[in-house]
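For reference, the structure is listed below as structure tokens.
Here the structure is a predicted model, which means the values were calculated and not measured. Both ligands and their constituent atoms are indexed starting at 1 by order of listing.
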Amino acid sequence: MTVFNLGSINADHVYNVPHLPGAGETLAALSMQTGLGGKGANMSVAVARAGSHVAHIGAVGGDGLWARDRLMEYGVDTRHIAQSSAPTGHAIINVDQAGENAITLLAGANFDIEEPAIDQALSIGKAGDIFVTQNETNAQEFAVKLGSKLGFRVCYAAAPFDASAVKAVLPYLDFLILNEVEAQQLEAALDQSIEQLDVADIVITLGGKGARWISKADGVDQHFDALKVTPIDTTGAGDTFTGYVLSALDRGLSMGQAISLATRAAALMVTRFGTADVIPDLKEVEEFAGL
Ligand code: RIB
């Protein structure tokens, strides 16, 4: 089976700072590094590192061919990553001493993905494959409608949160993943509780408190504890969680087993500084969690 991911690809410029800068403040960073990122790319790398075949659908500029090459090195199927005339997307990421971050994005080529390219990519999939997207590209609504029509299990990670973007894709979703803040924002935007949404499976990630799974089909509302770790950098932990859940489902694990594994992968991820380049592989996660 394949996980198809319509997702962003960014150059992440990550600054280790004494604290997150305030308005009007000029702050000296302690160190800086540039690496591969983007919520989409992070999820694809996590799916690949967790042991599944993942086809990434996206775009980079001429300045971002290194990012496409790196995704390929990490085991991602990059045939559906186009080269755009726009510059590659990038992110300025400040990470404080407690591992919290503040991110500024420039979408660039991530908003230059053509619908025929999505059509072509998904046409090689088959019913039962997984399709995932987030909110850092264009064409999400087109893609979820197509994925749903083709019988894919359609998943959406509602980040960065935008109420109108979630509303547009919601009718086509089988699986929604969002964090605690995004869940509250969605409830406010829809004037409806999360439990009332007509989505088969919903997972709310709770950071250091774990995760919650709500399943309409199974009548489940279950909490999963997180492993206790000291965070270095929380950037990309949610993306790692999503990639691991989807890979585990793709490999035939139950949703409960998938979430349990993903909470462990995310816990290990927050002990590392950086994004796609440091997402752990399955062996590392199993050793870390004593599985
Ligand atoms: O979720 C973390 C990601 O958000 C970073 O890699 C950055 O590129 C932004 O997309």
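Residue E136 has at least one N or O atom closer than 3.5 Å to an N or O atom of ligand 1. Considering backbone and side-chain N/O atoms, G38 comes within less than 3.5 Å of an N/O atom of ligand 1.
The protein atom (non-hydrogen) at minimum distance from atom 2 (C) of ligand 1 is D239 OD2, 3.3 Å. If you check which protein heavy atom lies closest to atom 3 (C) of ligand 1, you get N42 ND2, 3.7 Å. Nearest to atom 6 (O) of ligand 1 among the protein's heavy atoms is D12 OD2, 2.5 Å. Taking atom 4 (O) of ligand 1 as the reference point, the nearest protein heavy-atom neighbour is K39 NZ, 3.1 Å.
More than 12 heavy atoms of other residues, nucleotides or ligands sit less than 6.0 Å from atom CD of Q33. Annotation: K216, atom NZ; neighbour count of heavy atoms from other residues, nucleotides and ligands within 6.0 Å is above 12.
Summarising the geometry, atom OG1 belonging to T137 is positioned 7.5 Å from atom CZ belonging to F111; distances are rounded to the nearest 0.5 Å. Interatomic distance, CD1 of I194 versus CD of E182, reported as 10.0 Å (0.5 Å rounding). Note that NZ of K145 and CD1 of I118 are 12.5 Å apart. Values are rounded to the nearest 0.5 Å.
The distance from ligand 1 to the heavy atoms of L105 drops below 4.0 Å at these ligand atoms: 9 (C), 10 (O). Close approach of ligand 1 to G37 (heavy-atom distance below 4.0 Å) involves ligand atoms 6 (O), 8 (O). The atoms of ligand 1 that sit less than 4.0 Å from any heavy atom of T235 are 2 (C). Near A91, with a cut-off below 4.0 Å to any heavy atom, the atoms of ligand 1 are 7 (C), 8 (O).
Salt-bridge annotation for D277 and R70: present, with a side-chain N of the basic residue lying under 4.0 Å from a carboxylate O of the acidic one. Here R79 pairs with D77 in a salt bridge; the nearest charged N to carboxylate O distance falls below 4.0 Å.
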